[in-house]
Amino acid sequence: MIHAFPRRLYKADTAEAARRLLGCRLVREVDGERMAGIIVETEAYLGTEDLGCHSARGRTNRTEVMFGPPGHAYVYLIYGMYYCLNVVTRPEGDPQAVLIRAMEPVEGLERMRGNRSRRRRRSSPADRELANGPGKLCEALGIDGSFNGIDLAGKALRIELMPPVPDRDVAAGPRIGIAYAGEWADKPLRFWIRGNPCVSTKE
DNA sequence: TATACGATCACCT
DNA sequence: GGTGATCGTATAC
C-alpha cells in the first residue's frame, strides 16, 4: 500500500523532513498519464532566521504560502525562466520549506523528454539529466506557477512515502547558490543520495 | 516609477 | 572556467 508522505513529518522538523524525503516518490498525473521519480536531492530552508530563506525578508505575496499549512507546494520563478518546487514545512505561521532539487526518473520518461525539449536546445537530454536540478525537475514534470499553494497529497502532484534511505547512503553539505547568506551559507542543509547519478552537482 | 538581482540552465572557450 | 537569457520581486527613490 502506498501512502502520502505524512503531514506530521512535514510539520515536525524541516531538516529531518528534507533528509526523509530522499528515496520518496514524486508523482505527477496529467491527462491520465503518470510521471514519477525518486527524490535524490533536497535542501532545507529554515524560515525567518535563515538568511538563505525567502521568508527571512518577511511575509510578502511571494512568500505567503510558506506561512500556510505544511504539505503544500511553494513554487516560485527564478532568473525569469525556471520554476523551483518546495514543500512547506512546520506549523502555520512558521515559514519553512524543503526545496526538491533533483529526482531520478522512473516512470513517464517519454513525456518528461517532451516537456524538456520545448526550450531551444541542441540535443535531447540524457535520462539522468531530465530532472537533475530544480529548474529541470519542474520543466520535466510540467510544474509552473499555477501549482503554487496546492496540496502535495493531491491528484495532480503528490509525494509518496517510501522506506528511509540508510544513513550510510545519505550525504549532507552546504546549500547551492546562496553565497549571500553569510554564516547560513555554510550550514549542511543540503541532502543527497550518495553516488546517485541524478544529483545536480559534483559531490 | 526605477533599478538591481536571483534557491538556474545551456552553451561557449 | 565564463556568460547571456529573461522577468518577478524587493528595495530604493
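A stacked arrangement is not assigned to A:Tyr76 and the six-membered base ring of B:dA7, the conditions of a centre distance below 5.5 Å and an interplanar angle below 30° not being jointly met.
Distances shorter than 4.0 Å separate none of the side-chain N or O atoms of A:Tyr82 from OP1 or OP2 on C:dT6. Note on A:His54: every side-chain N or O is 4.0 Å or more away from OP1 and OP2 of C:dT9. At the phosphate of C:dT11, OP1 or OP2 sits under 4.0 Å from a side-chain N or O atom of A:Arg57. In this structure, A:Arg175 does not reach the B:dT8 phosphate: none of its side-chain N or O atoms is under 4.0 Å from OP1 or OP2. Contact between the side-chain N/O atoms of A:Thr60 and the OP1/OP2 oxygens of C:dA10 is found at a separation under 4.0 Å. Considering only side-chain N and O atoms, A:Arg101 lies under 4.0 angstrom from the phosphate OP1 or OP2 of B:dT8.
With a 3.5 Å ceiling on both atom-pair distances, the Watson-Crick or G-U wobble partner of B:dT3 is C:dA10.
With hydrogens and angles ignored, no donor-acceptor pair closer than 3.5 Å exists between the side chain of A:Tyr79 and the base of C:dA5.
Atom OH of A:Tyr82 and atom CD of A:Glu139 lie 7.0 Å apart (nearest 0.5 Å). Distance CD/A:Glu64 to OG/A:Ser55: 11.5 Å, rounded to 0.5 Å.
Base contact: A:Gly52 has a heavy atom under 4.0 Å from a base atom. Among the atoms of the strands shown, none is found under 4.0 Å from any heavy atom of A:Asn61. Base contact: A:Gly80 has a heavy atom under 4.0 Å from a base atom.
Ring geometry for A:Tyr76 against A:His54 counts as perpendicular: the plane angle is over 60°, on a 0 to 90° scale with 30° as the lower cut.
Taking the C1' atom of each, C:dT3 and B:dC5 are spaced 15 Å apart, rounded to whole Å. Here the separation of C:dG4 from B:dA4, taken at their P atoms, is 16 Å to the nearest Å.
Between the CE atom of A:Met81 and the P atom of B:dT8 there is a distance of 13 Å, given to the nearest Å. Look at CD on A:Glu64: it is 13 Å from P on C:dT9, rounded to the nearest Å. Rounding to whole angstrom units, CD1 of residue A:Ile178 and P of B:dG6 are separated by 12 Å. Between the C1' atom of C:dT6 and the CD atom of A:Glu139 lies a distance of 14 Å, rounded to the nearest Å. Between the C1' atom of B:dA7 and the OH atom of A:Tyr74 lies a distance of 9 Å, rounded to the nearest Å. As a whole-Å value, the separation of A:Asn86 CG from B:dT8 C1' is 14 Å. Atom P of nucleotide C:dT9 and atom OH of A:Tyr83 are separated by 10 Å, given to the nearest angstrom.
A donor-acceptor pair shorter than 3.5 Å cannot be found between the side chains of A:Ser124 and A:Arg113. Inspection of the A:Arg190 and A:Thr201 side chains reveals an N or O donor paired with an N or O acceptor under 3.5 Å.
Comparing A:Leu77 and A:Gly135 against DNA chain B, the residue whose closest nucleotide sits nearer the 5' end is A:Leu77.
Salt-bridge formation is not detected for the pair A:Glu129/A:Arg116: no Lys NZ or Arg NE/NH1/NH2 atom is positioned less than 4.0 Å from an Asp or Glu carboxylate oxygen.
Closest to the A:Ile78 side chain, of the nucleotides C:dA5, B:dG6, B:dC9, is B:dG6.
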